4 protein chains.
Amino acid sequence: MTKSKLLEGLMQEMANSKKQTVKQQKIIQTAIELFAEKGYANTSTAEIAKQAEVAEGTIFKHYGTKDRLLLSIIVPYLKEIFPSMADEVIGEIMGRNIATFDEFLKGFFTNRIQFFNENKEIFQVLVKEFIYNQELRNELFPYFSENVLLRFGKIFDHFQERGELENIPRERVMKMLFTFIGGFFVSRFVILTDYTITEEEIDDAVRFVMNGLRG
Amino acid sequence: MTKSKLLEGLMQEMANSKKQTVKQQKIIQTAIELFAEKGYANTSTAEIAKQAEVAEGTIFKHYGTKDRLLLSIIVPYLKEIFPSMADEVIGEIMGRNIATFDEFLKGFFTNRIQFFNENKEIFQVLVKEFIYNQELRNELFPYFSENVLLRFGKIFDHFQERGELENIPRERVMKMLFTFIGGFFVSRFVILTDYTITEEEIDDAVRFVMNGLRG
Amino acid sequence: MTKSKLLEGLMQEMANSKKQTVKQQKIIQTAIELFAEKGYANTSTAEIAKQAEVAEGTIFKHYGTKDRLLLSIIVPYLKEIFPSMADEVIGEIMGRNIATFDEFLKGFFTNRIQFFNENKEIFQVLVKEFIYNQELRNELFPYFSENVLLRFGKIFDHFQERGELENIPRERVMKMLFTFIGGFFVSRFVILTDYTITEEEIDDAVRFVMNGLRG
Amino acid sequence: MTKSKLLEGLMQEMANSKKQTVKQQKIIQTAIELFAEKGYANTSTAEIAKQAEVAEGTIFKHYGTKDRLLLSIIVPYLKEIFPSMADEVIGEIMGRNIATFDEFLKGFFTNRIQFFNENKEIFQVLVKEFIYNQELRNELFPYFSENVLLRFGKIFDHFQERGELENIPRERVMKMLFTFIGGFFVSRFVILTDYTITEEEIDDAVRFVMNGLRG
DNA sequence: GATGAATGAGACTTCATTCAT
DNA sequence: TATGAATGAAGTCTCATTCAT
């Protein structure tokens with residue numbers, strides 16, 4: 001986990017690479033499960049190999065190092081975690097039927113909850129390593145800033161231009177917003193792993209945030 | 001990190017134990033720094049020993065296992081992290097000059113921010129391992145529920161009885177509150193390690209929460 | 001050396017396992033020599049690795065723990081040490097040409113002396129650990145009772161039915177017999193490691209036992 | 001356990017030394033128990049210290065090394081294990097009322113069984129280490145030959161001169177005798193630690209030996 | 001005489017990684 | 001592509017022993 005800027009390179013590389021073999025799929029799936037459960041540092045490649053019913057050498061044939069195995073899990077996920085959603089949502093906002101920030105927030109929560117539910121374990125891996133692993137954090141930060149903060153900013157601007165969320169100091173309030181959103185997803189998906197989020201709770205969250213912002 | 005219910009036992013044990021030697025203090029201090037920086041799993045006892053200018057054996061003479069070294073850091077801190085504060089605050093509320101939930105929240109944030117600033121690294125260790133280490137999480141959860149949730153609940157009740165925070169579904173709203181508070185402290189002290197919290201931001205946070213709750 | 005009943009399991013496991021690599025053979029051979037000479041507890045895996053010209057990790061790759069290395073030496077030997085011989089001898093007695101207990105005893109001594117001479121070191125390991133290691137003793141005792149005492153008892157019965165060894169309290173006399181046999185093999189093969197047993201001494205031993213029994 | 005001829009020196013030294021303190025007694029007693037149970041190599045000085053309720057340093061203050069602690073247990077016992085008995089018995093034979101080798105053997109077994117019962121654990125330590133520890137065996141062998149074999153030989157001669165045990169090749173038969181005696185005491189006191197020897201069994205043993213010898 | 005903190009060599013074991021097949 | 005034997009560095013931990021108090 002030493003080289004920098006490898007995220008970009010890796011994304012390129014993955015885009016170009018052939019499609020996975022069956023063994024590769026098993027390796028990735030098993031690694032996700034184990035990394036999510038016990039963390040990257042506490043999971044040995046031997047354990048992954050055994051549980052994936054694959055020779056240990058096979059892992060290294062495909063991924064070279066354990067580090068790159070981790071990135072092979074995280075990187076393709078990164079592209080989906082915010083951007084795709086953001087683009088989607090931005091499309092909806094601009095074009096169609098999302099008129100208020102309330103609606104946007106509700107859509108955002110609903111959409112992401114569904115996405116994280118479908119990829120809970122990868123999200124756990126990502127969060128755990130993001131917090132635990134200094135090097136990875138340094139790697140991910142610029143990516144995160146660029147893709148998440150920026151787009152969210154734009155959306156925020158959009159609604160301010162429309163007359164919503166007026167007279168609010170954007171930077172300061174967005175911090176509060178992200179603080180809550182981060183706390184929400186991490187607590188529900190990483191810490192309380194068996195938690196189920198209800199429709200009602202989404203409404204609570206949206207209301208909490210909206211009131212907080214408007215204050 | 002296998003045996004359960006060792007928290008209680010360890011607390012007893014520590015209360016009874018003689019006071020630390022100079023070397024012990026150096027070990028603990030160094031371990032805190034390294035665990036905070038790189039995480040427990042990525043820090044070797046050899047590294048701790050070297051940086052603490054102590055023989056590796058000395059660590060094990062005093063703490064037996066690396067696990068127990070971690071707990072020797074976390075456990076004494078746990079007792080201070082919430083209860084003491086809560087008791088203090090409860091005293092202030094009941095007796096003296098805290099009249100509103102706003103005031104309480106502001107006091108809480110101010111007080112804990114100071115405390116975590118003074119113990120930033122231990123807090124980082126605690127949070128990182130809480131998220132990373134399943135076993136430790138299981139160990140800490142009951143303690144957390146009992147000491148944090150319970151006391152907060154009482155305080156909440158207190159203000160509801162006084163007429164504040166009326167007509168609010170306590171359980172649901174407290175969840176939002178904790179979500180925000182958790183997100184706030186973790187992001188500021190664990191992720192953004194060089195962040196400085198201003199007076200202004202505390203006010204933002206209090207306002208955000210109060211509006212969120214009242215809504 | 002903690003889990004019980006692992007003997008049976010290990011036997012199964014070994015029967016199923018692939019055949020040894022060259023390195024494994026060197027490891028086992030070297031371990032036998034060193035354990036025989038200095039005892040299991042006084043032999044380090046580093047020493048075994050060095051003398052076997054193998055990386056220390058290789059030992060653990062194959063045998064997992066030092067304990068299992070010891071058992072990997074002892075277990076396959078156990079199956080040969082008595083049962084096979086007993087079956088052979090029983091066959092001879094029943095079918096062919098062993099008519100008297102004298103003959104049987106002489107055959108037994110001769111056969112086992114040859115066997116132990118060919119496997120002197122493993123026998124030394126077995127005896128030393130049997131005496132030294134409480135856990136191993138508990139593990140081996142039931143096996144020993146079942147395979148050795150039982151078969152010997154049957155043979156004894158056989159000759160009593162034929163009219164030999166009459167009027168002798170079987171249990172009490174067999175104790176004396178085993179006492180002598182045990183003393184004989186342990187002293188000659190484990191304590192006096194350079195001792196050579198002559199034909200004459202075998203006769204002495206048989207005569208000593210036969211007289212002792214008949215008395 | 002390196003230096004040779006230290007047995008003699010140690011005996012002198014012990015004879016000259018002051019009498020033991022209370023702590024020393026506890027150390028020795030605890031060490032005997034632990035060495036008997038688990039063997040010298042598997043017992044740490046830390047464990048002895050803890051169980052003896054003594055600081056680890058105290059053990060080394062008194063005994064210098066763990067080796068010398070072992071010898072401090074074995075050496076005083078050695079002087080009693082055969083010589084004293086032999087002298088006693090020789091006295092009885094010469095002067096008083098032991099007329100036959102039968103009687104002598106019965107006396108010998110009875111006397112030594114009582115002695116070993118009273119010092120079972122030290123005997124276990126002695127035997128286990130004698131078998132396990134090459135260096136100690138080399139140390140003890142000459143002592144054993146001189147004190148045990150020699151005296152036994154004299155006694156044997158005595159009875160042969162009296163007309164008993166005639167026409168028997170002394171060397172060969174004494175080997176059988178020692179083989180049995182060794183097997184008897186080791187099996188009963190070291191291997192079958194909870195065994196109780198009955199009067200009847202002593203008679204069996206004497207009869208077995210006498211017949212064996214006379215044959 | 002007794003303590004117990006401290007040591008550092010060395011024990012067993014784990015691990016990511018390599019490479020011949 | 002896949003294997004799995006082999007590696008050796010590094011990890012945690014144990015131990016007999018020393019020494020200042």
Side-chain angles (χ1 to χ4, degrees), chain A residues 18 20-24 26-27 41-50 53-69, chain B residues 18 20-24 26-27 41-49 53-69, chain C residues 18 20-24 26-27 41-49 52-69, chain D residues 18 20-24 26-27 41-50 52-69:
Chain A
K18 336 267 156 106
Q20 295 185 320
T21 65
V22 177
K23 302 249 172 191
Q24 274 187 78
K26 285 211 72 173
I27 290 168
N42 297 322
T43 304
S44 72
T45 51
E47 200 178 354
I48 297 167
K50 190 178 176 186
E53 292 172 305
V54 150
E56 214 172 341
T58 307
I59 295 175
F60 289 89
K61 251 304 176 284
H62 287 300
Y63 303 100
T65 69
K66 194 188 167 195
D67 264 14
R68 286 179 61 96
L69 172 59
Chain B
K18 329 276 154 99
Q20 294 186 321
T21 65
V22 177
K23 302 249 174 186
Q24 273 187 76
K26 286 208 72 175
I27 291 168
N42 298 323
T43 305
S44 74
T45 51
E47 198 176 357
I48 297 167
E53 292 172 305
V54 151
E56 207 173 348
T58 306
I59 295 175
F60 289 92
K61 201 85 215 181
H62 287 300
Y63 302 100
T65 67
K66 196 187 165 194
D67 263 15
R68 286 180 61 98
L69 172 60
Chain C
K18 330 275 154 101
Q20 294 185 321
T21 65
V22 178
K23 302 250 173 185
Q24 271 187 79
K26 286 209 72 177
I27 290 168
N42 298 322
T43 305
S44 74
T45 51
E47 199 177 356
I48 296 167
E53 290 171 306
V54 151
E56 208 173 347
T58 306
I59 295 176
F60 289 90
K61 202 85 214 182
H62 287 300
Y63 303 100
T65 66
K66 196 186 166 197
D67 263 16
R68 285 179 63 96
L69 173 60
Chain D
K18 336 266 156 111
Q20 295 184 320
T21 65
V22 177
K23 302 250 173 189
Q24 274 188 76
K26 286 210 73 175
I27 291 167
N42 297 323
T43 305
S44 71
T45 51
E47 200 178 355
I48 296 167
K50 189 177 177 186
E53 293 171 304
V54 150
E56 214 172 342
T58 307
I59 295 175
F60 289 89
K61 254 293 176 291
H62 287 300
Y63 303 100
T65 68
K66 194 188 167 194
D67 264 15
R68 285 179 61 98
L69 173 60

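Quick note: numbers below take in every heavy atom, side chains included, and nothing from hydrogens, waters or symmetry partners. Fair warning: this is a prediction, and the values are worked out from it, not measured in the lab. Convention: sequence-line order gives letters A, B, ...; per-chain numbering from 1.
Residue H62(A) places at least one side-chain N or O under 4.0 Å from the OP1 or OP2 atom of dA2(F).
Distance from the side chain of F60(A) is smallest to dA16(E) among dC13(F), dT3(E), dA16(E). Distance from the side chain of K23(C) is smallest to dT7(F) among dT17(F), dT7(F), dC12(E). Here the nucleotide nearest the side chain of V54(A), chosen from dT3(F), dT17(E), dT3(E), is dT3(F).
Rounded to whole angstrom, the span from the NZ atom of K61(C) across to the P atom of dC12(E) amounts to 19 Å. When the P atom of dA2(E) is taken as reference, atom CD of E53(D) falls 14 Å away, rounded to whole Å. The separation between N42(A) atom CG and dT14(E) atom P is 14 Å, rounded to whole Å. One can place NZ of K50(A) at 16 Å from P of dT3(F), the figure rounded to the nearest angstrom. Rounded to an integer number of Å, the gap from NZ of K66(D) to P of dT14(F) is 15 Å. Rounded to whole angstrom, the span from the CD atom of E56(D) across to the P atom of dT3(E) amounts to 12 Å. Straight-line distance from the OH atom of Y63(A) to the P atom of dT3(F): 13 Å, rounded to whole Å. Taking atom CG of L69(B) as the reference point, atom P of dG11(F) lies 15 Å away to the nearest angstrom.
If you check every strand for non-hydrogen atoms under 4.0 Å, T45(C) touches a base. Here T58(A) lies in heavy-atom contact (under 4.0 Å) with a base.
Here the closest non-hydrogen pair linking A46(D) and E56(D) is N-OE2, 3.2 Å. In terms of heavy-atom proximity, A55(D) sits nearest to A49(D) at C-CB, 4.1 Å. N42(B) approaches E47(B) most closely through the heavy-atom pair O-OE1, 4.3 Å.
Of the inter-residue distances, the one linking T65(A) atom OG1 with I59(A) atom CD1 reads 11.5 Å to the nearest 0.5 angstrom.
Side-chain atoms of K26(C) never come within 3.5 Å of backbone atoms of T21(C) as a donor-acceptor pair (strictly under, hydrogens ignored).
Comparing A55(C) and S44(B), the nucleotide of DNA chain F nearest to each residue sits closer to the 5' end for A55(C). Of the residues near DNA chain E, G57(A) and T43(C), the one whose nearest nucleotide (by heavy atom distance) lies more toward the 5' end is T43(C). Each of T21(D) and I59(B) was assigned the nucleotide of DNA chain E with the nearest heavy atom; the assignment lying further toward the 5' end belongs to T21(D).
Judged by Watson-Crick or G-U wobble contacts below 3.5 Å, the nucleotide dA9(F) has dT14(E) as its partner. The partner of dT17(F) is dA6(E), judged by Watson-Crick or G-U wobble contacts that both fall below 3.5 Å.
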